[in-house]
Amino acid sequence: TPLQAEQIYQINLEAATAVENLDQKSFAQNSSQKENFESFAKILKERNLALQEILSPAQFQLFQENKITRAATFRTIVMANMLDLTNDQLTPVFNINQKVVENVRKDLDAYFSSENNRGKNNTQRKLHKALKKADKAFDQVLSSQQITIYHENADFLRSVLREEYGTKN
């Protein structure tokens, strides 16, 4: 419904802002990677719980099943806040994010289901290569100032993709 759409947008915006603030807080407090990851996972889980309250059970089931769009959307929202994207940049950035997730879906599934380090390492190499390719695509859409900010935060943005895709609830 239109009301749900607005509520979902606000929840995602709040989560994206919390993620952006986490990045700044982490830098200021010199937090460990483990602390950052735990805080990040907490933000996503809180967001998902808030969405679960708004959506019907059938809608929430679809939300959980649609990892590609969910990951691309959330990453785009984070990037929109972080990079102050223009309206003209939102669609191309979303399309790049969606293409990245579609292209690495099998690798992400393999990574999260792998029981051994060798499988995870092989998958990480493939993911790294695909994400580097995406970096080049973003360089074509972003301004020079945005490119600098994007590359300074590339690892953080990659963690958004990995965590959002892999979050079960």
Side-chain angles (χ1 to χ4, degrees), residues 1-26 36-37 39-52 54-55 59-60 62-109 111-112 126-169:
T1 67
L3 178 59
Q4 284 178 314
E6 178 59 30
Q7 290 172 324
I8 289 168
Y9 173 78
Q10 289 301 320
I11 289 168
N12 282 327
L13 185 61
E14 288 173 20
T17 302
V19 169
E20 187 176 345
N21 292 339
L22 175 65
D23 189 40
Q24 294 168 356
K25 183 178 131 184
S26 168
N36 291 339
F37 196 72
S39 296
F40 181 66
K42 182 180 176 193
I43 291 167
L44 292 179
K45 286 179 183 179
E46 288 172 358
R47 184 199 78 182
N48 290 352
L49 288 173
L51 292 174
Q52 192 170 12
I54 292 169
L55 300 173
Q59 289 171 323
F60 190 72
L62 286 173
F63 165 77
Q64 288 184 311
E65 291 172 2
N66 199 350
K67 292 178 181 181
I68 290 175
T69 302
R70 189 174 84 203
T73 300
F74 192 71
R75 184 174 149 119
T76 301
I77 291 170
V78 170
M79 290 177 72
N81 284 336
M82 183 181 289
L83 303 174
D84 195 25
L85 296 177
T86 66
N87 287 337
D88 292 340
Q89 290 174 310
L90 287 173
T91 299
V93 166
F94 174 79
N95 290 340
I96 293 167
N97 281 326
Q98 188 165 18
K99 185 175 179 181
V100 168
V101 179
E102 287 171 353
N103 290 340
V104 300
R105 181 178 182 172
K106 290 177 188 167
D107 294 328
L108 286 167
D109 286 339
Y111 179 82
F112 286 113
K126 289 178 184 178
L127 290 171
H128 183 73
K129 185 177 179 180
L131 292 170
K132 286 293 186 186
K133 189 175 180 180
D135 291 347
K136 291 179 182 177
F138 286 124
D139 288 349
Q140 303 302 310
V141 174
L142 302 174
S143 71
S144 58
Q145 184 180 9
Q146 290 170 322
I147 290 170
T148 301
I149 295 168
Y150 172 80
H151 287 288
E152 287 172 354
N153 293 284
D155 287 339
F156 177 72
L157 289 167
R158 288 183 180 109
S159 72
V160 170
L161 177 67
R162 286 188 296 264
E163 178 61 24
E164 177 60 10
Y165 186 89
T167 300
K168 299 290 185 222
N169 45 351

- prompt: Cut-off 3.5 Å, side chains only: do Y150 and D139 have a donor facing an acceptor?
  reply: no
Exercise. Check the pair L85 / L142 against side chain to side chain contact (heavy atoms under 4.5 Å, CB included), numbers first and verdict last.
Key: CA-CA 8 Å; L85 296 177; L142 302 174; 3.6 Å; yes
Which value, rounded to the nearest 0.5 Å, describes the distance between [X] atom [atom1] and [Y] atom [atom2]?
| X | Y | atom1 | atom2 | result |
| --- | --- | --- | --- | --- |
| Q145 | D84 | CD | CG | 9.0 Å |
| I96 | T76 | CD1 | OG1 | 9.0 Å |
| L13 | I8 | CG | CD1 | 13.5 Å |
| I11 | Q52 | CD1 | CD | 11.5 Å |
| D135 | H151 | CG | NE2 | 5.5 Å |
| L83 | I149 | CG | CD1 | 6.0 Å |

The ring-ring contact (aromatic ring centres under 6.0 Å, His included) partners of F94 (sequence neighbours excluded) come to none
Across all chains, not counting sequence neighbours, the side chain to side chain contact (heavy atoms under 4.5 Å, CB included) partners of T91 are N95
For L90 and A80 the tightest heavy-atom approach is CD2-CB, 3.8 Å
Heavy atoms of I43 and A15 approach each other most closely as CG2-O, 3.7 Å
### Message
Let's go through M79 and N97 carefully: what are the C-alpha distance in whole Å and the side-chain angles of both, what is the deciding distance for side chain to side chain contact (heavy atoms under 4.5 Å, CB included) to 0.1 Å, and is it a yes or a no?
### Response
CA-CA 10 Å; M79 290 177 72; N97 281 326; 3.6 Å; yes
Between Q98 and A72, is there a donor-acceptor pair closer than 3.5 Å when you use the side chain of the first and the backbone of the second?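 Side chain of Q98 to backbone of A72: no pair is present.
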A side-chain contact here means heavy atoms from C-beta on lying under 4.5 Å apart; do I147 and F138 qualify?
no
By side-chain hydrogen bond (donor to acceptor under 3.5 Å, both in side chains), which residues pair with E6, not counting sequence neighbours?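 Result, side-chain hydrogen bond (donor to acceptor under 3.5 Å, both in side chains) vs E6: Q10.
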